[in-house]
Amino acid sequence: MRSPRPYAPQAGPGAQSLTERRKAATQLDIARAACELFAEHGPDGTTAEDIAHRAGVALRTFYRYFRNKQEAVAPLLAGGGDAWRALLAEEDPGTPLAEALERAVTRSLSDLQTIEEGLEVTRGLLRAATTDEALRTVWYRVNQDSEERLVPVIARLAGEDADALAVRLLAAAATDAIRVALELWATTDAPVSGPGSPPELAVRCLRDLTGSMPLLQGVRGTAPTSP
């Protein structure tokens, strides 16, 4: 099995120190190993020792970064949120928020070259999470972190006069739209593009959850179609 690749965008020059980049690389190596072993043996059949051995690190190194084996997959699960927030941040202030959100969501879930494998890994982890409470906790925490990081991105696009509560609610709804879409998709064998795919489901959820929000009143454009 090939090692799953994260699909978060690369950080810009100077964004991280060499030490931080090495730490992030080690965490991703451990996360890839955990995903491989969960796919092969399930969370119950995998130990922290197994993950450390597969990643080529000492067990103490594993516990330096993660409290338990389920926590080890967090860097890969967080990659999708990092990617779509970065795409949303590229939008110009004043762009209709509905259009900006749909465009960023669709782009982040439709770049097959970089995210197809990541989505399949996510599907496997979400299926395993239905019977693993600790893994579900990691998934919900990753989404909560993503929501909190989304708030300043939306606030910048909405403008300095935007109501803080409206911004916070939109960040929550947008995050939940993607979460629900991925959870539903994971229960099916639908492909990563086309009908029933993550980008198609995410836009549907986004429109249903945010359609009446004050920040999005105005002209809603047509989201790009997934390839």
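Just the heavy atoms: all of them, side chains too, but no hydrogens, waters or symmetry mates, feed the values below. The chain is numbered in sequence order, starting from 1.
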Output yes when a side-chain donor or acceptor of R54 lies under 3.5 Å from a complementary backbone atom of A33, and no otherwise. no
Heavy-atom closest pair (E91 atom, R156 atom, distance to 0.1 Å) is O-NH2, 3.1 Å
Using modelled atom types and a 3.5 Å cut-off, is there a donor and acceptor pairing between side-chain atoms of E200 and backbone atoms of G196? yes
Same cluster for L97 and L87 if Ile/Leu/Val/Met/Phe/Trp/Tyr side chains link at under 4.5 Å? no
Residue pair R168 / E147, side-chain heavy-atom distance below 4.5 Å: yes
side-chain contact (heavy atoms from CB on, under 4.5 Å) partner of T46, the single match among E40, E36, H41: H41
For the atom pair OG1 (T61) and CD (Q27), what is the distance rounded to the nearest 0.5 Å? 11.5 Å
Within the distance-only criterion (no hydrogens, no angle test), does the side chain of T137 pair as donor or acceptor with the backbone N or O of E133 below 3.5 angstrom? yes
Quick one: does any side-chain atom of S197 pair with a main-chain N or O of G194 as donor and acceptor, under 3.5 Å? yes
Does R123 count as lying over the ring of W185, i.e. NZ or CZ under 6.0 Å from the six-ring centre, within 45 degrees of the axis? yes
Closest approach of P75 to A72 (non-hydrogen atoms, all atoms of both residues): CD-O, 3.3 Å
Is any side-chain heavy atom of I178 closer than 4.5 Å to one of C205? no
One thing to verify: whether E20 and K23 come together as a salt bridge, which I'm taking to mean a side-chain N less than 4.0 angstrom from a carboxylate O. no
Test item: S108 side-chain N/O and V105 main-chain N/O as donor-acceptor pair under 3.5 Å: yes
Note, L150 side chain near L88 side chain (heavy atom, < 4.5 Å): yes
State whether the number of non-hydrogen atoms from other residues, nucleotides or ligands found under 6.0 Å of R127 atom CZ is greater than 12. yes
Return yes when atom CZ of R204 has more than 12 non-hydrogen atoms of other residues, nucleotides or ligands closer than 6.0 Å, and no otherwise. no
Locate the shortest heavy-atom distance separating R136 from A129; write the atom from each residue and the value. CG-O, 2.7 Å
Among L215, T95, L170, whose side-chain contact (heavy atoms from CB on, under 4.5 Å) with L101 holds? L170
Do L125 and C35 have side chains that get closer than 4.5 Å, going by heavy atoms? yes
Ignoring hydrogens and angles, tell me if any N or O in the side chain of T106 forms a donor-acceptor pair with the backbone of R103 under 3.5 Å. no
Do V180 and L216 sit in one hydrophobic cluster, given that two such residues count as connected whenever their side-chain heavy atoms are within less than 4.5 Å of each other, even indirectly? no
Over 12 non-hydrogen atoms of neighbours within 6.0 angstrom of CZ in R141: yes
Same hydrophobic cluster for L184 and L209, using side-chain heavy-atom links shorter than 4.5 Å among ILVMFWY? no
With hydrophobic residues grouped by side-chain heavy-atom distances under 4.5 Å, do V167 and V153 end up in a single group? yes
Mind checking whether W84 and L109 have side chains closer than 4.5 Å, heavy atoms only? no
For V73 and A31, the nearest pair of non-hydrogen atoms, with its separation, is CA-CB, 4.5 Å
Which heavy atom of L169 sits nearest to which heavy atom of M213, and what is that distance? O-CE, 3.6 Å
Checking the side chain of D29 only, and the main-chain atoms of T26 only, is there a donor and an acceptor separated by less than 3.5 Å? no
Student check: side-chain heavy atoms of Q144 and Y140 closer than 4.5 Å: no
Can a donor-acceptor pair be found, under 3.5 Å and without considering hydrogens, that links the side chain of K69 to the backbone of P43? yes
Is there side-chain contact between L182 and W139, with at least one heavy-atom pair below 4.5 Å? yes
Under a single-linkage definition using a 4.5 Å side-chain heavy-atom cutoff for Ile, Leu, Val, Met, Phe, Trp and Tyr, are V151 and L206 assigned to the same hydrophobic cluster? yes
Interatomic distance, CG@D176 vs CG@N143, rounded to 0.5 Å, equals 7.5 Å
For the residue pair A128 and L135, what are the closest heavy atoms and their distance? CB-CD2, 3.8 Å
Looking at CD1 of I30 and CD of E71, how far apart are the two atoms once the value is rounded to the nearest 0.5 Å? 12.5 Å
